[in-house]
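Notes follow the structure.
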Protein chains: 2
Amino acid sequence: MTISTATDTKTELLEAAERLFAEHGIARSSLRAITREAGANVASVNYHFGSKEGLVRAVFARRLEPLNRERLALLDRCLESAKGKPELECVLRALVGPALLMMCDHEPGHRCFAELMGRAITAPETRVRSILLDEFREVKERFTEVLATILPHLSQEELFWRFHFMIGAMAHTVAGSFFVAKQSDGEVDTSDVEGMTLKLVNFLAAAMSAPSTNGPRKTRKRKK
Amino acid sequence: MTISTATDTKTELLEAAERLFAEHGIARSSLRAITREAGANVASVNYHFGSKEGLVRAVFARRLEPLNRERLALLDRCLESAKGKPELECVLRALVGPALLMMCDHEPGHRCFAELMGRAITAPETRVRSILLDEFREVKERFTEVLATILPHLSQEELFWRFHFMIGAMAHTVAGSFFVAKQSDGEVDTSDVEGMTLKLVNFLAAAMSAPSTNGPRKTRKRKK
DNA sequence: GTCTATAGGTGGATAGAC
DNA sequence: GTCTATCCACCTATAGAC
């Protein structure tokens with residue numbers, strides 16, 4: 001019923017898989033269900049992707065690479081427009097914007113994948129998580145680097161933690177689109193991407209530029 | 001080899017289950033593996049819990065109830081010590097402190113459960129998620145209520161979103177203890193609960209008290 | 001490339017002895 | 001309450017026809 005742009009079986013399988021993975025989880029989505037959803041036969045997954053794991057990898061690879069390229073491109077634009085020291089908000093928007101856009105996209109496949117990605121970061125399946133981490137490594141390094149120059153008052157450890165908290169806020173938001181809508185008994189306006197992005201960036205900018213935690217000087221371990 | 005305090009089979013099953021659930025996920029943890037780990041026979045789960053789902057519910061119920069009671073008790077203490085308007089940091093610490101303590105507990109069972117809980121919030125299994133949400137409902141309501149009095153400049157919608165972001169940061173932290181340790185090529189000191197809690201509370205306090213997002217007045221949908 | 005049929009394995013649940 | 005043996009539904013993967 002949906003106007004699918006999928007032309008070949010391979011793409012159809014990828015789209016069916018990301019839909020079912022998002023809805024029921026990877027482990028609970030059988031190849032039978034996926035191929036049925038894609039209108040293909042059970043053997044097609046093994047033909048096109050070698051195995052179920054091959055399919056999983058392909059589902060993630062297809063969307064992650066462009067997403068992270070977009071993030072890096074936006075980061076570069078921040079750096080260009082403001083020589084040397086870019087605006088914190090600009091950098092944060094480059095990090096979370098593309099994911100939120102994907103979560104609110106009109107194409108259902110994008111929305112499904114966003115949800116899938118949001119929760120896969122902490123997924124128990126080591127292999128799945130490592131796919132994400134590999135794809136994310138460059139983004140993490142480059143953004144950390146730039147954030148360190150904008151927030152020079154933060155120690156490396158402090159920055160590491162704040163980055164971690166930030167990823168959590170983003171991932172939970174992206175993962176929870178449907179849950180969110182159900183929780184607030186009013187409805188959540190997922191069409192207002194800009195408003196949502198603004199709220200998240202605003203939240204994170206304040207958090208990231210909080211004064212360093214040096215209050216009750218931590219009991220310093222005497223490292224020789 | 002671990003000094004288990006479990007005396008009866010039922011408890012032993014619960015502990016084995018939370019260990020395996022945390023490590024491999026619920027769907028990928030078979031009753032066979034769980035009963036083997038617990039040193040019991042395959043039929044024991046069905047005898048004690050009726051089904052695998054019964055076991056899952058029991059695993060969550062056992063730890064969530066005390067955890068959330070602790071949160072509410074700490075919140076009450078914030079309210080008592082400061083008549084009317086408690087400190088933001090105090091309230092945030094009441095929310096995230098107990099979870100972080102659990103994540104860093106010396107008892108492995110607590111740590112496993114923390115990890116499990118952190119990721120179950122966004123789990124695709126509807127039933128699992130609804131267990132968590134049911135247990136969390138009162139906490140969410142009471143904390144939201146108190147936060148609204150501390151941060152009166154926030155609209156209901158804005159507060160809702162910030163609460164959501166906050167839960168994300170907490171959940172990701174609690175879920176990712178092992179992942180975190182591996183990501184930073186240096187080691188992460190999970191023994192320093194207080195330092196971690198301080199960093200998270202500090203981060204969240206700044207984020208929550210950020211000025212409201214009213215910059216580019218959102219395109220107001222004309223609702224008749 | 002696409003399909004059917006099936007092999008070979010593992011899952012949750014249960015029956016019935018002890 | 002605990003255990004073994006077993007049922008049967010379902011899974012992934014493959015063989016081989018078309």
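Within every chain, numbering begins at 1; the chains are lettered A, B, ... in the order of the sequence lines, protein sequences first and strands thereafter. Side chains are part of it too, since the values below use all heavy atoms of this structure and drop only hydrogens, waters and symmetry mates.
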Please tabulate, for the side chains in residues 22-34 of chain B, all donor-acceptor contacts under 3.5 angstrom to protein atoms that are two or more places apart in sequence or on a different chain.
residue, atom, partner, partner atom, Å
B:Ser29, OG, B:Leu20, O, 3.2
B:Ser29, OG, B:Gly25, O, 2.6
B:Ser30, OG, B:Ala33, N, 3.1

ask   = Under the salt bridge (charged side-chain N to carboxylate O under 4.0 Å, His left out) rule, what pairs show up with a residue in residues 89-98 of chain A, not counting sequence neighbours?
value = A:Arg93-A:Glu194
Pairs of donor and acceptor atoms involving the side chains of residues 53-66 of chain A, under 3.5 Å and at least two apart or interchain, shall be tabulated with distances.
residue, atom, partner, partner atom, Å
A:Glu53, OE1, A:Arg127, NH1, 2.6
A:Arg62, NH2, A:Glu18, OE2, 3.3
A:Arg63, NE, A:Glu18, OE1, 3.1
A:Arg63, NE, A:Glu18, OE2, 3.4
A:Arg63, NH1, A:His110, NE2, 3.0
A:Arg63, NH2, A:Glu18, OE2, 2.4
A:Glu65, OE1, A:Arg69, NH2, 2.9
A:Glu65, OE2, A:Arg69, NE, 3.1

query = Sequence neighbours excluded, which residues qualify as salt bridge (Lys or Arg N to Asp or Glu O under 4.0 Å) partners of A:Glu70?
reply = none
message = For nucleotides 3-15 of chain C, give me one character per nucleotide, 5' to 3': B if any protein heavy atom sits under 4.0 Å from the base, S if the only such contacts are to the sugar-phosphate, - if neither.
response = BBB-----BBBBB
Measure the distance from [atom1] on [X] to [atom2] on [N] and round it to the nearest whole Å.
X: A:Ile34; N: D:dA13; atom1: CD1; atom2: P; value: 11 Å
X: B:Lys10; N: D:dG1; atom1: NZ; atom2: C1'; value: 12 Å
X: B:Leu13; N: D:dG1; atom1: CG; atom2: C1'; value: 12 Å

task = Using the test side chain to side chain contact (heavy atoms under 4.5 Å, CB included), find all partners of A:Thr144 that sit at least two apart in sequence or belong to another chain.
result = A:Lys140, A:Leu159, A:Phe163
inquiry  = Can you give me the bend angle of the helix from C:dG1-D:dC18 to C:dC18-D:dG1? Use the axis through the first five pairs and the one through the last five, nearest 10 degrees.
reply    = 0°
Set of side chain to side chain donor-acceptor pair (under 3.5 Å) partners for A:Asn46, sequence neighbours left out =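 Not a single residue meets the side chain to side chain donor-acceptor pair (under 3.5 Å) criterion with A:Asn46.
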request  = Could you tell me if the ring centre of B:His172 sits under 6.0 Å from that of A:His172?
outcome  = no
ask   = If you look only at pairs with a residue in residues 30-78 of chain A, which of them pass as a disulfide (SG to SG under 2.5 Å), with sequence neighbours excluded?
value =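 Found A:Cys78-A:Cys90.
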